[in-house]
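Okay, so here's the structure we're looking at.
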Number of protein chains: 2
Amino acid sequence: MTYENLDAKLVNALLGDGRASLRSLAEELDVSVTTVSNHLSDLEEEGVIQGYTPRVDYDSLGYDVTAVIQLKVEGNALPDITDSLKEHRQMISVYEVTGDYDVIAVGKFKDTDGMNNQIKTLLTDPDIKESNTSVVLNAVTENEQFELLIDDD
Amino acid sequence: MTYENLDAKLVNALLGDGRASLRSLAEELDVSVTTVSNHLSDLEEEGVIQGYTPRVDYDSLGYDVTAVIQLKVEGNALPDITDSLKEHRQMISVYEVTGDYDVIAVGKFKDTDGMNNQIKTLLTDPDIKESNTSVVLNAVTENEQFELLIDDD
DNA sequence: TGGAGTTGATGACGTACGAAAATCTCGACG
DNA sequence: CGTCGAGATTTTCGTACGTCATCAACTCCA
C-alpha cells in the first residue's frame, strides 16, 4: 500500500465535500485537526490532490450541447492538433488514443450552430484526415471522481 | 449593471481556487463579504454550483490506464446498459450519443489486465451488439472546467 | 424598493509550535 | 542467530492566537 489509509479516507471525505473544514474532517476521521492539516498538505505537495474546484453545471448556464469529436490526424501533426484543441476554451477533455481514430475530444457548446462553427473551423486544418462527431443526448455520468478503496485490517 | 457579471466572476474565481475564503473572494472582486456570501448561496441554490471537489490525480494513485469505450446497443436496452455502466465505480463519464455508436463511456483502470477484465464482463450483455475500445495514450486535457465569459461594458 | 454595504457579536476555522507518543535504526549482548 | 533497547526520527496531539463565516439590525442610494 503506497498510501496510508488515512490519506485515502481523507481524499474520499473531500470528494464528498471539497470545502469541508479541517475540523469537520478531523471529527469524521477521528484524528486531530493537526493530523488532517499535515496529511492534506502532504497530499497536495505530492500532487495527489491537484487543487479544488466547484462543480459547475454548464447546462444551467446555457451550454446545452456536449459533443464527442473523433479525429484521424496526419501522424507528425498530432502535437499541433492536440495543442490547438487544448487552446479551445470549451474543450473539456482531449485524449490521444489508440484505435480507429487518433484523437478523441469532448467539448461543450451553447447550441448546435455554435458547435458546428467551432468544429468547421477546426476541420480546416489539412492535417485532419477524417472526423466524426457524436452529439451527447444524455449525460448519464460526467466527470465523476470515484472514491479510493480502503483496505481495513 | 456594475454587478451584472459578479456571478460569472465569482464562479471563475472559484474555478481558480475552490477553497478560497469568502474574504479573499470579496477582496479579489472588490465587493463586500456579505455580497459574496449572498451570491454564492444563490449560485448553490440555483444549482449553477453543484458542489466542490478536490481534483484527484488518479495517475499518481496507480490508475494508469484510461479507456474510451463505445457501444452499439439494442434500442430498448439502452437504459439498462447506461445504468449498469453508471454503477461501475471507475466510469468517469457515460454518454448516450448520436452517431455510429449509442454509448460512449470513459473509464479508469489500474492496468490493461484490469481494464480487459472489466470490459469483458461488461460485454457479456447480449444487448450489446458491438463495442470498440480506445486506450488513452496521452490525456492532453481532462475534465477541464472552462471559465465563464465576462462581458465588460 | 431592493440590492449593496457597514457594524458588531459569536462561534468556528486555519495554522504555528512544542509536547507526547509511536515507530524505526542499529549495534551490543545472550 | 535472535532480540533487546537507547537514541533518533516520524507521527500525532493539544493549545493558543489571529482570522474567518454567519447572522441580524441598520444605513445608503439609485
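In what follows, chains carry the letters A, B, and so on, assigned in the order in which the sequence lines appear, proteins first and then strands, with residues in each chain numbered from 1. Note that the coordinates shown come from a computational prediction; the quantities given were computed from them, not determined experimentally.
- The nearest whole Å value for the distance from the CG atom in B/Leu10 to the C1' atom in C/dA4 is 15 Å.
- What separates OH of B/Tyr52 from C1' of D/dA21 is a distance of 13 Å, to the nearest Å.
- Look at CG on B/Asp30: it is 10 Å from P on C/dT6, rounded to the nearest Å.
- Nucleotide D/dT11 holds its P atom 13 Å from the CG atom of A/Leu43, rounded to whole Å.
- In this structure, NZ of A/Lys9 is placed 12 Å from P of D/dT12, rounded to the nearest angstrom.
- For B/Tyr101, the side chain to side chain donor-acceptor pair (under 3.5 Å) partners two or more places apart in sequence, or in a different chain, are B/Asn132.
- Counting non-hydrogen atoms under 4.0 angstrom, A/Val33 reaches a base of the nucleic acid.
- A donor and an acceptor atom, one from each side chain of A/Tyr52 and A/Glu44, are located under 3.5 Å apart.
- Panel note: side chain A/Gln145, backbone B/Val56; a donor-acceptor pair is recorded below 3.5 Å.
- The residue A/Asn38 sits close to a base: some heavy atom pair falls under 4.0 Å.
- Among the candidates B/Val97, B/Leu78, B/Ile69, the single residue satisfying the side-chain contact (heavy atoms from CB on, under 4.5 Å) test with B/Val103 is B/Leu78.
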Strictly under 3.5 Å: I want the nitrogen or oxygen pairs between protein and nucleotides 23-27 of chain D, one per line.
none

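- The stretch residues 14-25 of chain A comes close to DNA chain C through A/Ser21, A/Leu22, A/Arg23, each having a heavy atom under 4.0 Å from the strand.
- Between the side chain of B/Tyr58 and the backbone N or O of A/Phe146 there is at least one donor-acceptor pair closer than 3.5 Å.
- Between the side chain of B/Asn12 and the main chain of B/Glu147, no donor-acceptor pair closer than 3.5 Å is present.
- A side-chain donor-acceptor contact under 3.5 Å links B/Ser93 to the backbone of A/Asn143.
- Not one side-chain nitrogen or oxygen of A/Thr35 sits closer than 4.0 Å to the OP1 or OP2 atom of D/dT12.
- Distance NE2 (A/His39) to C1' (C/dT15): 16 Å, rounded to an integer number of Å.
- Each of B/Asp7, B/Leu149, B/Leu148, B/Val11 was evaluated against A/Leu61; a single residue qualifies, B/Leu148, per the side-chain contact (heavy atoms from CB on, under 4.5 Å) test.
- Residue B/Glu27 qualifies as open at atom CD: its count of foreign heavy atoms under 6.0 Å is 12 or below.
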